[in-house]
Structure formats: C-alpha cells, structure tokens
Amino acid sequence: MEANELRNRIQGNVVTATDNEYENLRSAKGWNQLTPKRYPRLIVQVANEQDVIEAIHFARANQMRIAVRGGGHSWVGFSLREDSLLIDLGRLKQTSIDPVARIATVQPTVTGRELHSQLKTHGLSFPVGHCPTVPVSGFLLSGGLGWNTSTWGPGCFSVTEAKIVTADGNLVTVNQQNNPDLFWAVRGAGPGFFGVVTEYKLRLYPAPRAITTSTYFYPVQHIAEVGAWAGSISGLLPKELEFTLFIAQAPPHLSEQCRSEKGYVAILSAIAFVDTTSEATAALNLLESCPVLNQCVEKEIIQPSSLDALLDLGEMLWPKGHRYLVDTVWTNSPPADPLVIVRDSFLHAPSPKSLAVCVFSTGAENNASTLPDAAFSMTGRTLFLCYAIWEQQENDAVNAAWHRTTIAELEPFAVGHYVGESDIVAKPTRVERSFAPANWQRLQALRLTFDPDGLFHGHFSSVE
C-alpha cells in the first residue's frame, strides 16, 4: 500500500500513523476525551464527494476495511477501527436553504447550532440535537432525537433525500422513488451504515414564535413521586410540550439546600414549542398540579425562551473537554421504580458532573407502530439516559464501574435502546435491541445486498 498514491488522487489529505498530526486526528481532540485505543492505518480527510469515491476504490484495491467519521462526536468513538481506512468528513460543512420550499441541503458535518443559525434568519427550524456541537451526520443516521421531537418527530423522518457513495464507489441519490431501500436504511440505520452520506435534504418547519419554559427544582429524595406523576400526565400534555426530568448538580444558589444529596437536584423541565403566550400558559399551567409541589425548592415558570438559549443550556449540560460514558434505556414501565434506582445511584456518583435524563413522551402515544417505515423503529413511553462525566484520566476506572452498575440495574426495565447514545462497543447486543425485530432483519439483508464483501465496518460484534 502506498499512501502517496491516494494523496495524488484526491484534493483532501491523507494521514498515516507516522505523521505528526495523526494522533490529534485519531482522537478528535475537543470532544470526548475518553479516546478508544483503536488505531486506523490511514485517515483520509476528504474535500469533496470525488475524494470519497477515490478513497473507497483505494480501500478495496488494498483490501482495507472502511470506517467513517462525521464530526467526531460519537460518545463511543465508533469510527475508530483497528487497521482501517478512516474516511473523515470533517471538511464537508456546506449548507444551502430554500426558504420557499422549506428545504435545507446540508453536508454531513454541519452542527446543530450552525444549521439553526442559518435557519432562524428565515423563520424556520429543524429538530437539531440537544447538544449544539452534534453534527447532522451521525445524529440523523442514528434517528435524530432532537428538540421538539414529539411535534417534529425524530430528525431522520425529515430527511427527504440523501446522496450516498456506496461500497462499489458509486454516488447515488436516494429518496422514496430512487433507491428506496437505501433511503429506508439511511433513515436510522445507525453508525454502522454501509455507505458514506455526503449530503442530506431536510424538510424544515416554521419556527415556533413563543418558545416558553417552566422549570421546577425538587429535592432528589422526591424524584420518584415527581416522576410517577409526570409519567401519569405526560400523555395528556400537548405534543408541543417537551417534558423531561433531570438529575443534575443544583445551581450555585441552591447548592447549600442540596448539600445532603451530594449537591444533586431533581429538575422537572417543560418547554412549550408554540406560537402564542396563551398557548404556552395553558400547557405549562398543567404542571402546577404536581402532588408534591409544596416540596419544590424553586420554580421558574412561564419564561420566554429561544432555541438559541436551549442550545446554550445543552452546551452547559454536555461540556467539551471531558470524559464521557453514556447509555440509554427505552422503557414502558411506570417511571417511579427506575427513578429510585437512578436516585440511589447518583447519591454515590464519583463525579458531580454526571447527569441523568428521563424523557417523557407527550401527546398521542409514541410507539413503533405509528412511526414511518424506516430503519429507525425503537421507541418507548420513556427514555432514560445516563451520562458519566468526569475530567481526569485517573478517575476512569471508578466512573466506568459506577456507570456499568447503574445501567445494569436499569436493564430489567428496558424494551430497547437508542443506538445513537448507547455503549454499543462494550455491549454489542445494544445494536439489535435498538430496532424492531423485522427492521433489524431487513437491515442485515440490505447490508448483504449493498456491501456483500463487508468493505464497511458494521456495528461491533466484539470490542476491537
């Protein structure tokens, strides 16, 4: 294999393990600092679609398997595969907006904040990720559980078309009419997708004109009661309400009141994505019926907000430059019992920055039978997400052990997982359980059809 041969064929850059910039590129410095010890043989920083085609032909000719990295935001470093050719899409960041048709044409490594900043000038919006630095690439491939999901749906269902370079090195356009099988797969297949997406066309939505929030801070000891009530009313709430219960560190002015609970507080958040203050008030007033409202230590109700402010909040909850482990559980169980497990676990969390999120479905019941026909197919009434977040390498073992134990205790409640935020490296069975059984079988059949030689790395079958 001669890396110079590929360098001469592309406009981008080829980096080998002996090059000075290799380690920074390999570890994608700036996001999850818990970098896997897996080492690609080549990293190809493509500049355009033709570079992707050349990289695929080169890999096939040299019997190398291919991994693909979008923005390097994968919690588990999925794109780092041993001895692979890593196609790095980091330079593909162009966006164009057609405000009349309400369509955005977006390359894969445009972040949620970047997309939003362009859409808001046209009064438009899209369900970008809660963490603003998440690019559209892996986010959409995994389903795309973003802001206002109950109304707009997972982001992958707003993909109307995509350009994909396939395993045979052909650039194809996929939509409902052209290459419908690939279109079905690209909407939610997860990070092991068997191709390289170089462009998405996205359906856009009118931006809500009166985003409004209500936030209630409760002692952690009452989280099961709050969660049981929240679960009982979530289906009665309008779908325009995003309804979430967090365990997080209390804001500084409440830290003394939460000292006995290791500084943690239960935060009930409701965000109305509506057009008028009266709509917001009517929806958010329902939260005043909580039976333990008298235990609330502080509330901030009916507060005007914006998607910019919500993205700022996401950046605070998931800061850069830290070490992360994450896993998820979809459940149809009443939320009180799993919340007791989460509460007790967080009272022994080794890092105060760790975070738990319980997302309630609002509006009509959200289940797989009501979803569009696409690879994304696993949901439940409630989604639990648990993040271990810490800073120092010497604390890796204790945080990993705590996180494993917490997730193991939640397993009995699981009906499935969300492939975009589950530890599918340590637990490969998470992948299959992120899809409805029939969708998983179809996905495997399509892999054999479109990549019969296994050129693209699939999902992990074991830790590599």
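Numbers here simply count residues along the sequence, with the first being 1.
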Does any part of the side chain of [Y], heavy atoms only, come nearer than 4.5 Å to the side chain of [X], both counted from C-beta?
X    : Y    : result
L89  : I87  : yes
S150 : F273 : no
F376 : V419 : no
I407 : H403 : yes
L6   : N4   : no
L202 : L115 : yes
E199 : L92  : no
L371 : T379 : yes

Quick one: are the ring centres of [X] and [Y] less than 6.0 Å apart?
X    : Y    : answer
W330 : Y418 : no
W75  : Y387 : yes
H130 : W147 : yes

* If you measure from the Lys or Arg side-chain nitrogens to the Asp or Glu carboxylate oxygens, is any gap between R323 and D396 under 4.0 Å? ->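 Between D396 and R323 there is a salt bridge, with a charged N closer than 4.0 Å to a carboxylate O.
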* Charged N to carboxylate O under 4.0 angstrom, D327 versus R433? ->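 Salt bridge between D327 and R433, a charged N being under 4.0 Å from a carboxylate O: no.
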Smallest separation among heavy atoms of [X] and [Y], with atom names:
X    : Y    : result
S142 : P191 : OG-CD, 3.9 Å
P208 : I211 : CB-CG1, 3.9 Å
N32  : L34  : OD1-N, 3.0 Å
G153 : P127 : O-CG, 3.9 Å
L245 : A266 : CD1-CB, 4.5 Å

Exercise: do [X] and [Y] side chains pair donor with acceptor under 3.5 Å:
X    : Y    : result
E82  : H457 : no
H73  : T133 : yes
T105 : K201 : yes
T166 : D168 : yes
Y200 : Q107 : no
S137 : T109 : no
S422 : T328 : yes

Can you measure from [atom1] ([X]) to [atom2] ([Y]) and round to the nearest 0.5 angstrom?
X    : Y    : atom1 : atom2 : result
I43  : E23  : CD1   : CD    : 8.5 Å
I233 : L287 : CD1   : CG    : 5.5 Å
L385 : L355 : CG    : CG    : 8.5 Å
E432 : M378 : CD    : CE    : 10.0 Å
Y324 : S74  : OH    : OG    : 13.5 Å
D19  : L25  : CG    : CG    : 9.5 Å

Atom [atom1] of residue position [X] - does it have more than 12 heavy atoms of other residues, nucleotides or ligands inside 6.0 Å?
X    : atom1 : result
N20  : CG    : no
Q94  : CD    : no
R209 : CZ    : no

* Asked: Distance under 6.0 Å and angle within 45° of the ring axis: does R26 meet both against Y39?
  ->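 Yes - R26 lies over the ring of Y39, closer than 6.0 Å to its centre and within 45° of its axis.
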Show every donor-acceptor pair shorter than 3.5 Å between a side-chain atom in residues 44-52 and any protein atom, with sequence neighbours excluded, or say none if there are none.
unit_1 : atom_1 : unit_2 : atom_2 : d
Q45    : OE1    : N13    : ND2    : 3.0
N48    : OD1    : Q50    : N      : 3.2
N48    : OD1    : D51    : N      : 2.8
E49    : OE2    : T198   : OG1    : 2.9
Q50    : NE2    : E54    : OE2    : 3.2
D51    : OD1    : Q11    : N      : 3.0
D51    : OD2    : Q11    : N      : 3.3
D51    : OD2    : G12    : N      : 2.8
D51    : OD2    : A47    : N      : 2.9

* Asked: Ignoring hydrogens and geometry, is there a side-chain-to-backbone donor-acceptor pair from S377 to N439 under 3.5 Å?
  ->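 Absent.
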Taking salt bridge (Lys or Arg N to Asp or Glu O under 4.0 Å) as the test, write out the residues that go with [X], two or more places apart.
X    : value
R203 : none
D312 : R113
E114 : K93
K353 : E391

* Asked: Taking it one step at a time, do D308 and K120 satisfy salt bridge (Lys or Arg N to Asp or Glu O under 4.0 Å)?
  -> CA-CA 10 Å; D308 283 304; K120 68 181 180 180; 2.9 Å; yes
* To do: Start with the C-alpha gap between V134 and T111, add the side-chain angles, then the distance that decides, and say whether side-chain contact (heavy atoms from CB on, under 4.5 Å) holds.
  => CA-CA 5 Å; V134 172; T111 68; over 6 Å; no
Name every donor-acceptor pair, under 3.5 Å, that has one atom in a side chain of residues 178-187 and the other anywhere in the protein, sequence neighbours excluded.
unit_1 : atom_1 : unit_2 : atom_2 : d
N179   : ND2    : T173   : O      : 3.0
D181   : OD1    : R442   : NH2    : 3.0
W184   : NE1    : D373   : OD1    : 3.0

* Given T244 and F360, is the side-chain contact (heavy atoms from CB on, under 4.5 Å) satisfied, shown in steps? -> CA-CA 6 Å; T244 310; F360 301 96; 5.9 Å; no
* To do: Give the C-alpha distance, both sets of side-chain angles, the deciding distance and a yes or no for side-chain contact (heavy atoms from CB on, under 4.5 Å) between I164 and V196.
  => CA-CA 5 Å; I164 298 169; V196 183; 5.9 Å; no
* To do: With side-chain contact (heavy atoms from CB on, under 4.5 Å) as the test, would you mind laying out the steps for L86 and L42 before giving the verdict?
  => CA-CA 6 Å; L86 172 57; L42 290 181; over 6 Å; no
